[in-house]
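The figures here come from the full heavy-atom set of this structure, side chains too, leaving out hydrogens, waters and symmetry mates.
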Amino acid sequence: MTRVSTNETPSARTVVIVGAGVVGAATALALAAQGFLVTVIDQGEVGVGTSSGNAGGIVTGAVTPTATPGVLRSIPSYIFDPNGAAVLRPAYVLQVLPWLVRFIEAGRPARVASIAQALAPLVSESMQAHLALADLSAARELIRPVGWLKVYKSDAGFAETLLERELMTRHGVNFSILNAFEVADLEPNLNRDAYTRGVFQPDSGFVNYPTALTQAYFEGARQRQAQFIQESVLEVRPTERGGVSIKTDKATRQFDAVVIAAGAWSKQFAKQIGDKVSLDTERGYHISFASTGGELLRRPVGFPERHCVLSPMHDGISLVSGDELAGLRAPPDYRRIRAMAPFARSVLPGLAEQVIQREWMGYRPSTPDSLPVIGRSPSCKNVLYAFGHGHLGLTLAAITAQLIAGLLKGDADPFDLSPYRINRF
């Protein structure tokens with residue numbers, strides 16, 4: 001996909017973006033660079049939402065959906081094991097059941113193949129899309145081309161990657177299989193007893209301060225006349241004249257078009273427009289070990305057998321884990337992530353002297369088929385959707401922004417966008 005161009009300027013059109021996370025900020029920059037008059041509205045500050053707590057990966061080979069036959073076999077343990085890889089709170093079972101049925105359907109082999117095919121053009125362009133926006137916002141230094149590494153302690157654990165490796169090969173992902181010595185060359189501070197094999201994607205990127213990148217993207221948009229309004233959006237409605245009306249807790253405003261990029265809260269706005277979407281939250285957790293100086297890790301390192309990632313963020317090492325289905329209202333439960341701290345210290349001995357400085361929980365906006373919702377509303381042409389990125393919010397933010405900008409400009413689609421339409425549900 002070509003980079004964002006600033007050579008064409010549409011007639012002055014006002015676009016409001018509901019949501020100030022990384023997707024909203026990236027979309028604001030992509031639109032402002034094309035001459036749209038952009039307003040971003042969110043109840044929170046720019047960049048402080050769910051994407052602020054992720055592992056920082058821009059994973060160009062993430063073609064494997066969350067639902068796979070192997071994951072489906074583990075669903076009973078999600079219900080009955082409160083310390084398992086994923087947790088379904090009993091009180092939330094009835095509410096999440098329709099989503100879960102679609103999730104199970106998405107895990108059939110034929111569906112996994114089609115979903116991977118739909119993910120491939122998005123993730124493969126994700127790094128270049130970020131670099132294009134970074135060039136518009138003086139943020140290049142925030143994106144590091146250090147790759148994405150997963151390590152495995154057992155042969156059985158590595159064997160579980162067969163489907164992932166087959167999908168990556170099918171879709172042309174650049175990856176290599178590493179032995180223990182090659183892993184040690186990449187990450188010399190890891191405990192060598194923690195792994196025997198690795199899978200490395202060298203073309204992936206890393207952002208060790210996602211909040212700073214989000215804020216840089218919005219600052220680039222602000223320099224192009226975008227504005228931010230910190231209010232709580234209550235209602236999004238089409239107007240009789242073809243535009244949209246945005247009602248907040250303080251005012252009602254009119255715009256030519258709206259982009260719904262409110263993450264896990266997007267479902268309510270789609271419903272107001274008249275569109276149904278299957279969206280729930282895979283709540284993710286992290287704990288942050290305070291930095292004591294020195295470079296313990298060079299990049300994020302995933303430990304799939306323990307369902308976690310250790311990532312060298314700007315203020316220390318983050319341990320990121322957790323897939324919890326409990327909705328938007330249940331209080332956080334940090335017991336599982338706290339129990340993983342000894343594991344983190346065992347595989348990265350340099351953490352032994354580092355104290356835990358922060359616990360955090362965020363709401364991944366997840367569709368059951370692992371595909372985002374990107375495109376126009378079938379109910380109102382001036383409503384566009386940009387949400388549902390699940391585990392790939394940071395990865396897919398910039399490519400989503402470019403696609404939304406192209407749709408509003410009337411450009412030809414760079415590839416088939418039908419898999420991301422909201423009416424697939």
Side-chain angles (χ1 to χ4, degrees), residues 18-19 21 43 49-50 53 65-112 115 232-236 260-286 307 321-339 359-373 377-379 385 387-393 420-425:
V18 179
Q43 63 181 352
T50 296
T66 304
T68 63
V71 169
L72 298 188
R73 289 192 293 270
S74 301
I75 285 179
S77 69
Y78 298 168
I79 299 174
F80 299 110
D81 182 2
N83 296 313
V87 176
L88 170 56
R89 292 198 189 182
Y92 196 63
V93 170
L94 292 180
Q95 288 173 266
V96 79
L97 190 58
W99 185 96
L100 197 57
V101 168
R102 290 187 175 96
F103 181 84
I104 292 170
E105 192 277 334
R108 294 185 297 107
R111 285 288 290 131
V112 169
I115 291 167
S232 179
V233 176
L234 303 177
E235 189 175 72
V236 178
I260 304 298
W265 287 266
S266 298
K267 183 177 181 177
Q268 63 188 9
F269 301 123
K271 184 177 180 180
Q272 292 170 1
I273 296 300
D275 297 322
K276 294 182 179 180
V277 62
S278 186
L279 185 76
D280 216 293
T281 60
E282 292 181 78
R283 292 151 52 117
Y285 290 80
H286 86 219
H307 306 281
S321 185
D323 275 322
E324 182 185 49
L325 295 173
L328 291 169
R329 296 183 177 86
D333 183 351
Y334 293 106
R335 288 176 294 178
R336 180 177 175 272
I337 193 72
R338 290 169 184 165
E359 297 177 330
W360 179 92
M361 187 271 288
Y363 302 93
R364 300 186 189 101
S366 297
T367 61
D369 60 7
S370 299
L371 295 174
V373 178
S377 162
S379 303
Y385 295 122
F387 63 85
H389 297 84
H391 293 251
L392 299 175
Y420 324 122
R421 292 173 182 164
I422 196 169
N423 56 3
R424 71 183 188 267
F425 300 108

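- Listed by chain and number, the residues in a side chain to side chain donor-acceptor pair (under 3.5 Å) with Gln95 amount to none (sequence neighbours excluded).
- Here the closest non-hydrogen pair linking Ile260 and Val236 is CD1-CG2, 4.1 Å.
- Shown here are the side chain to side chain contact (heavy atoms under 4.5 Å, CB included) partners of Thr50, two or more places apart in sequence or in another chain: Trp360, Tyr363.
- Between Val373 and Arg424, the closest side-chain pair of non-hydrogen atoms falls below 4.5 Å.
- Every residue two or more places apart in sequence or in another chain that forms a side chain to side chain contact (heavy atoms under 4.5 Å, CB included) with Ser366 is listed here: Trp99, Glu282, Arg364.
- For the pair Thr66 and Phe103, the minimum side-chain heavy-atom distance is below 4.5 Å.
- Residues Asp323 and His307 have side chains that never bring a donor and an acceptor to within less than 3.5 angstrom of each other.
- Taking every heavy atom of both residues into account, Ala270 and Tyr385 meet most closely at CA-OH, 3.6 Å.
- Put simply, the residue from Glu324, Arg336, Arg335 that forms a side-chain contact (heavy atoms from CB on, under 4.5 Å) with Tyr285 is Glu324.
- Within 6.0 Å of the CG atom in Leu94, the count of heavy atoms belonging to other residues, nucleotides or ligands does not exceed 12.
- The two residues Ala326 and Arg283 come nearest to each other via the heavy atoms CB-NE, 3.7 Å.
- Every residue meeting the side chain to side chain donor-acceptor pair (under 3.5 Å) condition with Tyr92, not counting sequence neighbours, appears here in chain and number order: Asp280.
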Exercise. Should Trp265 and Val233 be marked as a side-chain contact (heavy atoms from CB on, under 4.5 Å) after you check the CA-CA gap, both sets of side-chain angles, and the distance that decides it?
Worked result: CA-CA 10 Å; Trp265 287 266; Val233 176; over 6 Å; no

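- Contact record, Ala264 with Thr281: CB-CG2, 3.4 Å, taken as the closest heavy-atom pair.
- Remark: the backbone N or O of Asp369 is not paired with any side-chain donor or acceptor of Glu105 at under 3.5 angstrom.
- The stretch residues 263-278 participates, sequence neighbours left out, in no salt bridge (Lys or Arg N to Asp or Glu O under 4.0 Å) pair at all.
- One finds the NE2 atom of His286 at 12.0 Å from the CE atom of Met361 (value rounded to the nearest 0.5 Å).
- Side-chain contact between Val71 and Thr68 is present, with heavy atoms from C-beta onward closer than 4.5 Å.
- The two atoms that bring Pro331 and Arg89 nearest to each other are O-NH2, 2.7 Å, heavy atoms only.
- Considering every non-hydrogen atom in both Ile422 and Pro378, the closest pair reads CG2-CD, 3.5 Å.
- Atom CD of Gln268 sits in a crowded spot, with more than 12 heavy atoms from other residues, nucleotides or ligands closer than 6.0 Å.
- Distance CD/Gln272 to CG/Leu234: 8.5 Å, rounded to 0.5 Å.
- Considering only residues two or more places apart in sequence or on other chains, Glu235 meets the salt bridge (Lys or Arg N to Asp or Glu O under 4.0 Å) condition with Arg237.
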